[in-house]
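Labels below follow one simple rule: chain letters A, B, ... track the order of the sequence lines, proteins then strands, and each chain is numbered from 1.
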Amino acid sequence: MEYNFSDIEKKWQKAWEEAGVYTVSNESDKLHYYVLDMFPYPSGAGLHVGHPLGYIASDIYSRYKRQKGFNVLHPMGFDSYGLPAEQYAIQTGTHPEKTTFENIDRYIAQLKKIGFCYDWSREVRTCDPAFYKWTQWAFIQMFNSYFDPKTQKAQPISKLIAEFEANDPKWATLSEKEQQERLMNYSIAYLADTKVNWCPALGTVLANDEVSEGLSVRGGHPVEQRVMRQWCLRVSAYAGRLLEGLDRIDWTESLKETQRNWIGRSEGAEMQFMVKKPTPDPSLKGREEEFPMTIFTTRADTVFGVTFMVLAPESEYVAKVVTEEQREEVEAYLARCKNRTERERIADRRVTGVFTGSYAINPLTQGEIPIYISDYVLAGYGTGAIMAVPAHDSRDYAFAKHFNLPIIPLIEGADVSNESFDAKEGKMINSGFLNGMEVKDAIQAMKEYITNTGIGRVKVNYRLRDAIFSRQRYWGEPFPIYYKDGMPYTLPESALPLLLPEVKDFKPTETGEPPLGHATKWAWDEKNQKVVEKNSLSSAPSPRERAGGEVFPLELCTMPGFAGSSAYYLRYMDPHNDQALVDRKVNEYWRQVDLYLGGSEHATGHLIYSRFWNKFLYDLGYVCEDEPFKKLINQGMIQGRSNFVYRYIGEGATGNLYISYNLIDNPEYKDKVQPIHVNVNIVNNDVLDINAFRAWMPEFKNAEFVFADGTSSELTGYTAGAKQYICGWSVEKMSKSMFNVVNPDDVIAKYGADTLRLYEMFLGPLEMSKPWDTNGIDGVHRFLKRLWNMYENIVDEEPTKEELRSLHKLIKKITWDIENFSFNTSIPAFMIAQNELSALKCTKRAILEPVAVLLAPYAPHIAEEMYHRCTSLPFREGSGLGSSFVINAAWPECNEAYLVEDTQKYPVQFNGKVRFTFECPKDTPKDEVERLVLAHEDTARYLNGADPKKIIVVPGRIVNIVM
RNA sequence: GCCCAGGUGGCGGAAUUGGUAGACGCGUUGGUCUCAAACACCAAUGGGAAACCGUGCCGGUUCGAUCCCGGCCCUGGGUACCA
């Protein structure tokens, strides 16, 4: 009986779909479990063999949990707003929606072939109005909320207004616009002027990683720094809670560490320095302007060593501090900084800066110290101003050396003649009342001192920045925002979803507006509460300017990619609900994602934003868990494994001769060959398919070869398979240009989905990155074939003890593996069991049936077929595999079920060397084992009358006798 | 620079983490089947003639170390003037 994987897989996929076995209900007496994959962006290239790695792992876990009797939510959807479809639209005019939907269809077809147990009825797409309605809804909630630092929670902004009304007499005197502006400083979603990378050619802002050396990575267009009014999310307000929440979730330590670094908590102090600014008026000579300046430092202990101050170029202190004499020089410096991108600044670490003309007074020594401006100080961190202690900070040190400023060592024994001493250890010197203290104590003492004297206060700072939330693009969620008198107002929730309008052109407008500027029906009729034609506006050159009447311009930016992916896991719980993002009761059933699988590249993006988003919804009472993802596992990336042929380019080369890889280091070919990427799909186990190669591209049509054995091909005399041409290989990113992309469809056509699933797991540990290497896939496929053959003539006989032992060993191993996400080690266990059972010629139902059940999470199709060969039980709805009765028999609590041997073997060692083995009854107490060993005749022989110094009994393992 | 993960045969990797290192698969070699090849099956396969030596290198703890500790060297990932 042949293993016809293609028929088997088609049969079961059809059966599952028709019976709806993977459709999940929100009402169940069963325990709930939620397994989620990070949903993909459907790219035009389709899935390659690397994408399903994590999906297979999560599918194994889902199927296991399902078989164990859990109600498992395991959905899939598409992150379908994004740049590639928009770029394609700009080039070809094809609407991004068309491209995106086609790509999604292809993805679904590919995913379905692999046999995942997704509940497709819950599929979500971020570009679907029924979905983005809730993205817009969340944005409105954020706009109408503020973060209350006292309770560390988001609150409705109406509370804040009430507070202003009650406590601030000025509030009532402000105009509506002024009130709005003031509230903007508190809203979780707010408009602010921010410095961005602006690319005029692409007509949009770019993230830092999209810019390289002042040019856009895509297209190589110039990028400039520009201050623009952008929507931002006050993620930084949640810094403390985002940090603290990490302690309560089961993520890998390295990922938590990445987030901790990103949040960047640092405990320090804010201190006030008085500034003395010389006045330009000679008649007022001797009189100086005085005002305070606040700085942030983590090294309060070093105040005695401050020899200058530095401001960030964008600091608001700059304007106050610069003197008339220095103005010109400072302005030139600021202009220079302004045009440098973040990236250039980082790449070019030369010390630059300019003196402001003013001095600060050291609050402890009363000494006058000069104030400089330099771009090594960042405006966005702390107060944008620092006290510089060159002796104990390497950046300050470099600056001091460059401008020849004094360097005062503050720690005993620190040699600061060539570099700064940054370590926080040692005894303080030159530091007044701190002298003699350890650094740690000195920091504490100084904090107390400045608090008591009012010079400063203890302060915690975070590195985490607010998220810029505007994109000047078409293919994204429209903001539910219109502008009146230049101020933003939210659309009523009843108007959601605000549909993405049609545009005639996906590029920015001639006037530099985002693509939505092309939309004609893009204005808000406040009175009738609906979207209307823009031409009914009297005139609106800029959308943010006042428009006549009661019709107002709508926001022209769209939301960034992370908007749609920040709460999608909640939507899967209740995907068809049009009254709420998720019904409260449904949310209380599923609660949170129990297991989340995806790449670690989202550590500081999606995984921060969605935690923030979830916490915000939690504060407002829309969800019942503070953290969205209970356990998270990062699967590694699958890299490409490229193959090469070696074209001979030495003497007399025709350009048509290819040398086998094993020969290229021979003297006659060394350095005379040129490696050429060859399509990995015409290479098998590094052996080139000669005929396929000749047919691959016209230039290889008449290719000739020197084979592995050194013989040459002759075009006419060659017979396929007789000689081998060996290809070289290397690990590279999987990409079209390297001809190393492997499509899962091809693997499935050749070996079947079950082999693909097993092999992807067999490749290595889930978390590790590894190249896709098909060299071992035959072995896995052979195993399935061998196992399959055992199910031909199943008999009803009592299993022997040996057969049961094999089975129970397997049960124990597979259970342990799945629960510990060690899927790669399960395949060998199956192979060993297969070997053992086949050596015993076991075809007994009592053994083979549970083996099929065990295999089901890994290779569901073949397992299902094998299972149904074993049993007369009908296929039942609601279960992917047979009845729960049988499942419980095959997945018992394995420690009890594991068939124990009656006796335990103890290898006995003398001084570490194994000498003999003895047996005693299982579960013999430790001292009894000791006694038995000493009484053993071999022990007596080895001891030869001597007293053992020590006897070590490791339970169940080994007895070691130290002489 | 800082943080994290890792380094085991010809290759991918086991060893449930202090107890017989190299499971399982690939590859290689030999054999069976075949007119022959492919498939399949069987056997061998860390090094060494052997005693022995072997988990990146040096040292330590331990009766015993791939595993724990100290120092160093590589590889991969994250992050980067955060005061």
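Here the nucleotide nearest the side chain of A/Thr298, chosen from B/rA83, B/rG25, B/rU79, is B/rA83.
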What pairs of nitrogen or oxygen atoms, one from the protein and one from nucleotides 8-10 of chain B, lie under 3.5 Å apart?
none

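Contact annotation: A/Tyr381 reaches the phosphate of B/rA83 (side-chain N/O to OP1 or OP2, under 4.0 Å). Under 4.0 angstrom from either OP1 or OP2 of B/rU79 there lies at least one side-chain N or O belonging to A/Thr604. For A/Ser266, a side-chain nitrogen or oxygen approaches OP1 or OP2 of B/rA83 to under 4.0 Å. For the OP1/OP2 pair of B/rC4 and a distance below 4.0 Å, the side-chain nitrogens and oxygens of A/Arg260 include no atom meeting the criterion. An OP1 or OP2 oxygen of B/rC41 is reached within less than 4.0 angstrom by a side-chain nitrogen or oxygen of A/Arg786. Remark: A/Arg782 is not in phosphate contact with B/rG25, judged by side-chain N or O atoms under 4.0 Å from OP1 or OP2. Within the 4.0 Å cut-off from OP1 or OP2 of B/rA14, at least one side-chain nitrogen or oxygen of A/Asn824 is found.
One interatomic measurement links the two molecules: NZ of A/Lys770 to P of B/rA5, which rounds to 18 Å at whole-angstrom precision. In this structure, NE2 of A/His602 is placed 17 Å from P of B/rG77, rounded to the nearest angstrom. Distance CG (A/Leu758) to P (B/rG12): 21 Å, rounded to an integer number of Å. Rounded to whole angstrom, the span from the CH2 atom of A/Trp262 across to the C1' atom of B/rC4 amounts to 16 Å.
Stem list for RNA chain B (at least 3 consecutive Watson-Crick or G-U pairs, distances under 3.5 Å): B:1-7 with B:73-79, B:10-12 with B:24-26, B:27-32 with B:40-45, B:56-60 with B:68-72.
RNA chain B is contacted by both A/Gly264 and A/Trp816; A/Trp816 maps to the nucleotide lying nearer its 5′ end (nearest heavy atom per residue). Nearest-nucleotide assignment on RNA chain B puts the 5′-proximal partner with A/Leu763, out of A/Arg465 and A/Leu763.
A distance of about 14 Å separates the P atoms of B/rG6 and B/rG13, rounded to the whole Å. Comparing the same atom, P, in B/rC53 and in B/rA21 gives a spacing of 12 Å after rounding to whole Å. Only the P atoms considered, B/rC11 is 13 Å distant from B/rG46, to the nearest whole Å.
Residue-level contact check: A/Phe762 touches the bases, meaning some heavy atom is under 4.0 Å from a base atom.
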